[in-house]
Amino acid sequence: MAASVVPVDPFDLVVVGATGDLARRKLIPALYHRLRDGQMPDSARIVGVAREDMDADGFRRMAGTALDEFAGSDAMDAALKHRFLSTIDYVPMDVSDASGWTRLGEALSDDEARLRAFYLSVAPRFFGMIAEGVHGAGLSRPNSRIVVEKPLGHDLASARALNGCFAGHFDEHQIYRIDHYLGKETVQNLMALRFANAFFEPLWNARYIDHVQITVAESVGVEGRGPYYDGVGAMRDMVQNHLLQLLCLIAMEPPARFEPDAVRDEKLKVLRALAPVTNAEDVVRGQYASSPGIASYAQDAAAATSHTESFVALKTEVANWRWSGVPFYLRTGKRLRARVSEVAIVFKAAPHAIFPSASGRSTQNVLAIRLQPDEGITMGMTIKEPGPGGMRLAPAVLDMTFAKTLGTADMRMPDAYERLVMDVIRGDQTLFMRGDEVEAAWEWVDPITRAWEERGDRPALYDPGSSGPDDALMLMHRDGRRWREISA
Ligand code: NAD
């Protein structure tokens, strides 16, 4: 089965911060692949905006290098690359300089019907300035869109201020807040599994589910981002957005329709139902120590007495009828054993054991949704061990990736940004966060970070390459459960 591609209408996409890391590593390669697959028309235009003083040819050379580096060597084709680079223009400007916006306007199509999107791939301190600049120069039309990346605030107050600043110039239906985890194929597959199959939903509740684990582990440290990261930490950088968004998709009620506000209304209800974490033992902070040849967090961040967490594990509950009593365990951290992102739904054991103890024990069913490194979905089952040796039970894994069935085994998995940028152009906000969702997430996070600040203690140290601090293991052991292995 070949993936069908529906071409989008011609558009002007302004990438503000086009020479930066995100644009070069993700956005430019994503757009190249969409042109390659016939989804982005040749008449579309990508207009790079950044401080660097160069002409359009200079930026095309930079974009070409980014493609060589990040688009995948098997995807490179000289003629296609030339076609793609022909869609690119560049306007050097400082976003604080009002005259720059007029120059940008001259580079854009004056066809009123043509869609315009502004992708803000710059630090958030520029967001307000850019929204005002775009508006002030009359560049925004009713069909224009603005796309922003995390961090969307530092706490509830700053998130509200940011939302207020966008709302001053754009309607909510024009604002696309990206959480790139939601663009991952497997995350969307989670919704298909839940809502397009009859047999999961009856089991999807406190009666049959024992607990849920969400892990986003990285094997690298903070790398060159140390000074930036030190003002943020794992709770704000990962839990407030990616992990809570994943939790929402697992816990939400079936929306009436797969439409942006129907889905986002249900996610918002989950965020508002999250039980506050009031027990200090239910949240564990960690910071990676040094090991031979590996710098500690404090060294990476150049902050010897830093209180910033590079790891967090916590237990929460979605306090509603469906989930009452089901713990949701979340953990994320840097310099852990492997790079892996996974959601695991752990079902309760079969209620009654009919097999003699000599047969062995049945294992709990686990539905594991892996987002990286290899996207896929598996179901842990108990089966009879094959052979004539009597009834012996054995664990087996049912692979529900369906790559072979769908004929996609050799197909390149599109990067999340490919999907999300095309959704912006199509005007589909389903996979983007609404302003009230972002605020509700901060409302839950704020008391936790505030309590840490008030306590003033430092996170527990953990060894690089480990699963985090021992207290994180205890968090589950106390409940008679254990984390799944962090393994690639
Ligand atoms: P970066 O520092 O690599 O690039 C910043 C870009 O902004 C450059 O093109 C620079 O020229 C431009 N810029 C800076 N000041 C400017 C000014 N006054 N006027 C015009 N242009 C200016 O940053 P990045 O890593 O690409 O990140 C961009 C945004 O995306 C940040 O908010 C970041 O938090 C967010 N983000 C990045 C990633 C990533 O993978 N890099 C992932 C998620 C979110």
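In each ligand, atom 1 is the first atom listed, and ligand 1 is the first ligand listed.
A distance-only check finds a donor-acceptor pair linking the side chain of W444 to the backbone of A275 [under 3.5 Å].
Under 4.0 Å from any atom of ligand 1, one finds heavy atoms of residues G17, A18, T19, G20, D21, L22, R25, A50, R51, E52, M93, D94, V95, S121, V122, A123, P124, F126, E149, K150, P151.
Counting only N and O atoms by type, the side chains of N163 and R177 include a donor and acceptor under 3.5 Å apart.
Closest of all the heavy-atom pairs between K81 and D68 is NZ-OD1, 2.9 Å. Nearest heavy atoms, R272 versus D436: NH2-CB, 4.4 Å.
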Please walk me through it: do D265 and K269 pass salt bridge (charged side-chain N to carboxylate O under 4.0 Å, His left out)?
CA-CA 6 Å; D265 286 346; K269 285 185 209 160; over 6 Å; no
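In this structure, the separation between OG1 on T449 and CE on M235 is 7.0 Å, given to the nearest 0.5 Å.
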